[in-house]
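Encoded as structure tokens, the structure appears first; notes follow it.
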Amino acid sequence: MMNIHDLLEQMKKQSGSTPLPMKLLSQLDESAVFEHVNNKKWLYSKTAVPNKYKLLMSIAAAAALGQETCIISYVKSALIQGISKDEIVEALLTARFVKGTTVISASLEAMKLLVNQTEKLT
């Protein structure tokens with residue numbers, strides 16, 4: 001069975017560096033790191049979506065959520081796995097677009113109010 005040191009080394013090989021959150025978590029609760037890795041293995045064992053696209057989606061999701069540490073970790077992994085800079089940039093731009101559209105969606109009730117106010121004036 002793999003120990004936590006070996007697991008962190010494996011993470012380092014996959015992403016170019018040991019993710020700091022995982023390193024710190026390993027000092028607090030090693031089992032949580034193993035659980036995280038098992039969840040990732042489970043996700044990447046699914047075959048409907050190629051793993052390359054899962055990684056690009058991870059970059060986009062981390063960017064939309066504003067998680068800088070995760071973005072860097074995923075981008076390093078993507079580069080190691082041969083994903084091009086252009087593909088990574090498009091994932092980031094997709095996240096930017098989707099995140100931006102949430103402003104419009106979140107403003108739905110305000111827009112209804114404004115439309116109703118405009119209709120009352122005419």
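Everything numeric in this text was worked out from a predicted model, so none of it was measured. Just the heavy atoms: all of them, side chains too, but no hydrogens, waters or symmetry mates, feed the values below.
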For the residue pair Ser31 and Asp29, confirm or rule out a side-chain donor-acceptor distance under 3.5 Å. yes
Under 3.5 Å side-chain donor-acceptor pair for Asn51 and Lys54: yes
Nearest heavy atoms of [X] and [Y], plus distance in Å:
| X | Y | answer |
| --- | --- | --- |
| Lys85 | Leu79 | CG-CD2, 4.3 Å |
| Pro19 | Met11 | CD-CB, 4.1 Å |
| Ile71 | Ala63 | CD1-CA, 3.5 Å |

Out of curiosity, does [Y] fall in the hydrophobic cluster containing [X] (side-chain heavy atoms, cut-off under 4.5 Å, transitive links)?
| X | Y | value |
| --- | --- | --- |
| Val98 | Leu65 | no |
| Ile83 | Ile80 | no |
| Tyr53 | Val75 | yes |
| Leu7 | Leu20 | no |
| Met57 | Phe97 | no |

[X] side chain vs [Y] backbone, donor-acceptor pair below 3.5 Å:
| X | Y | answer |
| --- | --- | --- |
| Ser45 | Trp42 | yes |
| Lys76 | Gly16 | no |
| Ser73 | Thr69 | no |
| Ser77 | Gln14 | yes |
| Glu90 | Glu87 | no |
| Asn39 | Glu35 | yes |

I'd like to check [X] versus [Y] (side-chain heavy atoms, cut-off strictly below 4.5 Å). Are they in contact?
| X | Y | answer |
| --- | --- | --- |
| Phe34 | Ile4 | yes |
| Val37 | Met22 | no |
| Ile104 | Met111 | yes |
| Leu8 | His5 | no |

Step by step, would you call Gln117 with Leu114 a side chain to side chain contact (heavy atoms under 4.5 Å, CB included)? CA-CA 5 Å; Gln117 287 294 325; Leu114 293 170; 5.6 Å; no
Straight-line distance of Arg96 CZ to Thr101 OG1, nearest 0.5 Å: 10.5 Å
Rounded to the nearest 0.5 Å, what separates atom CD1 in Ile88 from atom CD1 in Ile59? 5.0 Å
Looking at Tyr44, I'd like to know if its OH atom is crowded, meaning that more than 12 non-hydrogen atoms belonging to other residues, nucleotides or ligands lie closer than 6.0 Å. yes
